[in-house]
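Accompanying notes for the structure given below.
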Amino acid sequence: MPSLPILFIVLDGLADRPQRILNGKTPLEAAHTPHLDQLAALGTTGLLTPLAPGVPLESETAHFILFGYGLEQFPGRAAFESIGRGFEVQPESVVLLASFAETTVIDGKVRRDALLWEKRQAQDEEECARLCVAIAAYETHGLQFALTSCGRCEAILTLRGHPSRDITDVDPFYNDAYVARAQPLAESSHPRQAARTADALNAYLSWVHYQLSQHPLNRERQARGCASINFVLTKWAAVRPDIAPFQEQNGLCAASIENYPLYIGIARVCGMTPVSTPRETDTTADFRQKLRSAESLFAQGYEFVHVHSKAPDVAAHHKDPLGKMQALEALDAALGPVVERVTNQADLLVVVTGDHATPSSGPLIHSGEAVPILLAGGPNVLSDPVTTFHERAVIHGGLGHIRGADVMPLLLNATDRVRLHGVRHQAEARPYWQGRPEPFRLNG
């Protein structure tokens, strides 16, 4: 089988909208990115819609699709968060990520004032872990609740007793917004079970608020002039994952390089080798280190290496177009060796794209714009006329407008691994050619 490796670079939140401070350009369009531009000139480009036009995705859903899996297999983000932090998701349980929060009660409604993890204070993390013990176990509506601290002022909430994952998020995702009541999803195939789970979660959270409000630690905090840590906000209900490993799904031995628990969890769930590099505060140094790690993994025989950077997304969430532009320039500065290899050798396929658009102005968390994508390197990629890499330029690229589900077949095709449609020698409908079929043997 062919051995051309694939370097799959995902720049989180890559796409954006025109920004007034950048004279109507997007941060990527305004950034000085000579290496990305050179890769675009060497290869082919286009626009990628991860799911459907105008539909914003979160990173875990977009990655799941880009890695060749269907949404019907998606277990829920809390499964990735749990497994990425070293927790197993037990069969017939539901897990949620719970974030400790400072809240204010107004006319019986709970307003989110701040999430403790956003402050990144060591004392807060220690105190959240102590508070977690006070609300670790509860039972109602025939369901058992178990809360386990996982650091960073967050916890994993596990529900047992035949719960349903078909419940809404409680976290409103914005400060100064009211906490949402848990509700059963209207599309649930087991509405009574979903309603019971939502009612039980609402009861648990009311109990949590009472327990935390009365806790001596919060009286200590008030004496120090600190706000009370008096609530946990739950989201992303999930079940135990049940999917084929990446090598079985796509025919490639794969690894993923990132330090964030979410991406470590995605890698573990998808049967990829998770690799963490020491986190550098300098964006260029951090990304350069990840790319060096990718080279080492290819030398070990890995055929697909996912390299991820959160930097553009972080700046965009701070509503900082200039900061996002600078983050993209810093990432581009690390790509010199990749460009040199693609230019001088035909032994690597490089893919650069984003998982979603993150607007660096306006009220949205993520938005539904398409994301630029480029393929460069190897002997099979036909270059197109595009010589710069940004949202406006790649509209004219040779890939056209593709969706997330198209990405893995495109990569398998570019590396001579794709299965000829209509020819089946394997029982599972996989997109890759599995090599020699099981031989027929005569009876006797």
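W433 and H425 have perpendicular rings, their planes meeting at more than 60° on a 0 to 90° scale where under 30° would count as parallel.
Looking at P431 and M408, their side chains never come closer than 4.5 Å, going by heavy atoms from C-beta outward. Between L22 and M325, the closest side-chain pair of non-hydrogen atoms falls below 4.5 Å. Side-chain contact between L252 and Y432: absent, with no pair of heavy atoms (C-beta onward) separated by less than 4.5 Å. Using a 4.5 Å heavy-atom threshold, the side chains of E391 and L28 count as touching.
E280 is linked by a side chain to side chain donor-acceptor pair (under 3.5 Å) to nothing, counting only residues two or more places apart in sequence or in another chain. D12 meets the salt bridge (Lys or Arg N to Asp or Glu O under 4.0 Å) test with K310; sequence neighbours excluded.
The pair D113-R111 meets the salt-bridge criterion, with a side-chain N (NZ, NE, NH1 or NH2) lying under 4.0 Å from an Asp/Glu carboxylate O. The residues K290 and E258 are annotated as salt-bridged, a charged nitrogen and a carboxylate oxygen being separated by less than 4.0 angstrom. The pair K324-D320 does not meet the salt-bridge criterion, since no charged nitrogen lies less than 4.0 angstrom from a carboxylate oxygen.
Of the residues listed (Y263, F64, W236), the one engaging F80 in a side chain to side chain contact (heavy atoms under 4.5 Å, CB included) is F64, and it is the only one. Applying side chain to side chain contact (heavy atoms under 4.5 Å, CB included) to I6 and the options V305, L412, T415 leaves one that passes, T415.
Taking CG of L131 as the start and CG of L212 as the end, the distance is 5.5 Å to the nearest 0.5 Å.
Between D16 and S360 the shortest heavy-atom distance is OD2-OG, 2.9 Å. Summarising the geometry of A62 relative to D355, their closest heavy-atom pair is CB-O, 3.1 Å, with the distance given to 0.1 Å. The heavy-atom pair separating P372 from T353 by the smallest distance is O-OG1, 2.9 Å.
Applying the salt bridge (charged side-chain N to carboxylate O under 4.0 Å, His left out) test to pairs two or more places apart or on separate chains, none has a residue in residues 62-71. Listed by first then second residue, pairs satisfying salt bridge (charged side-chain N to carboxylate O under 4.0 Å, His left out) with a partner in residues 93-104 read E102-K119, E102-R221, not counting sequence neighbours. Listed by first and then second residue, the side-chain hydrogen bond (donor to acceptor under 3.5 Å, both in side chains) pairs involving residues 173-199 are R112-N175, D166-S188 (not counting sequence neighbours). Counting only residues at least two apart or on different chains, the salt bridge (charged side-chain N to carboxylate O under 4.0 Å, His left out) pairs with a member in residues 149-162 are R85-E154, R152-E154.
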